[in-house]
Amino acid sequence: MRAVVYHGIDDLRLEEIPTPGIGPDEALVRVAACGVCPTDIKKIRLGLLPGPRVYGHETAGTIVKVGENVTQWRPGDRVGVHHHVPCMNCHYCDRRTFAQCAVYRKTGVTAGFEPAGGGYAEYVRVMGICMPGLVRIPDGNTWEEGAMLEPVNTVLKAVKLLGLGPGDTALVAGQGPIGLMFNRLLALEGVRVFGTDLSAQRLAFGLDFGASETFHGGGDAWKAAVKSRTGGRGPDAAVVTAPVDALVHDCHALVRGGGSVMLFAHTARGRTTPVDLSTICVDEKPMLGSYSSDFTLQERVAELVFSRRMDVRRLITHRFGLGEVPAAVALAEKPTAESLKVMVVQERA
Ligand SMILES: [Zn+2]
Ligand SMILES: [Zn+2]
């Protein structure tokens, strides 16, 4: 089969590799669509892990083969794939910190080599630990919608951690694909959302996706505007969807006493920044983090995406073929005014 194999920093090559075999508890999926995700871009650009491996983890496609012990799935079933699934039976899972579970941290979907998602290939093998992460795509929905289940899940997990509801306000800093999903999912919880970004086009998208107002994030005017819209207090929470340290400080200063800041994009290790710790203690403003998906939200996410209450189709602006993965990664890394979510598409429906 064809696959885009990562060999080192910025070194992606379209190659012929063996189609993966499967074990008795596994499934083979023919990939139809795979989203380009910032966490993969980071690994490709910085060479964080040794090659060869095949990236791409926001995958959807058609099951073409199942192992003899698999009874729930059949060839022909259209599925969205989760590449991390928790054991649901350890100290971390019992406390709902699934992303810290040792089983969850293993990647259980692969096109070959060290498992790394494998979605930039014609076929992926879904290993036993990830079989519970398969989600059926209804007839009326697209593979691309199936490929968006995992990113929507990561955002809904963070929204649930914030615990906001009607009467609350939130600032979403950054109106890229992730920020727009926050807008919509917060709005569905009854939260009044303000969005900021540096791109005029993205500010317009922000309104389409459920922000009640958006503000240009340059200078200080947006802070005054958000304060004035929140009775002078500041929002109840802020979400930082870009890995910009100054934004964390701005948001932490802006939220009301007792309000929280959610860090969603600070995934790079080794970044430090001074914080006046009394703002956490005396002002009771915690900094929260959320990473990856929550298995227990899988059904809820499927319902939101497939009912199109969270309509992800409008997030997808650019499509590339398997042979164009480097271009897809480059666009996702350096978005244009009108680009949002980038997909690698092998089959349309
Ligand atoms: Zn992702
Ligand atoms: Zn566990």
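Along the sequence shown, residues carry numbers from 1. Counting starts at 1 for both ligands and their atoms, following the listed order.
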Intermediate values then yes/no, side-chain contact (heavy atoms from CB on, under 4.5 Å), F182 and V191: CA-CA 11 Å; F182 268 105; V191 178; over 6 Å; no
Could you check F295 against F98 for ring pair (Phe, Tyr, Trp, His ring centres under 6.0 Å), going step by step and ending with a plain yes or no? CA-CA 8 Å; F295 178 70; F98 304 115; 7.7 Å; no
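At least one N, O or S atom of C90 sits under 2.8 Å from the Zn ion (ligand 2). Among the atoms of E58, an N, O or S atom falls under 2.8 Å from the Zn ion (ligand 1).
Vertex the Zn ion (ligand 1); arms to C37 atom SG and H57 atom NE2; angle 100° (nearest 10°). Centred on the Zn ion (ligand 2), the angle running from C87 (SG) to C93 (SG) is recorded as 120°, rounding to 10°.
No donor-acceptor contact under 3.5 angstrom links the side chains of S292 and H84, judged on distance only. There is a side-chain donor-acceptor pair under 3.5 Å between R96 and T296.
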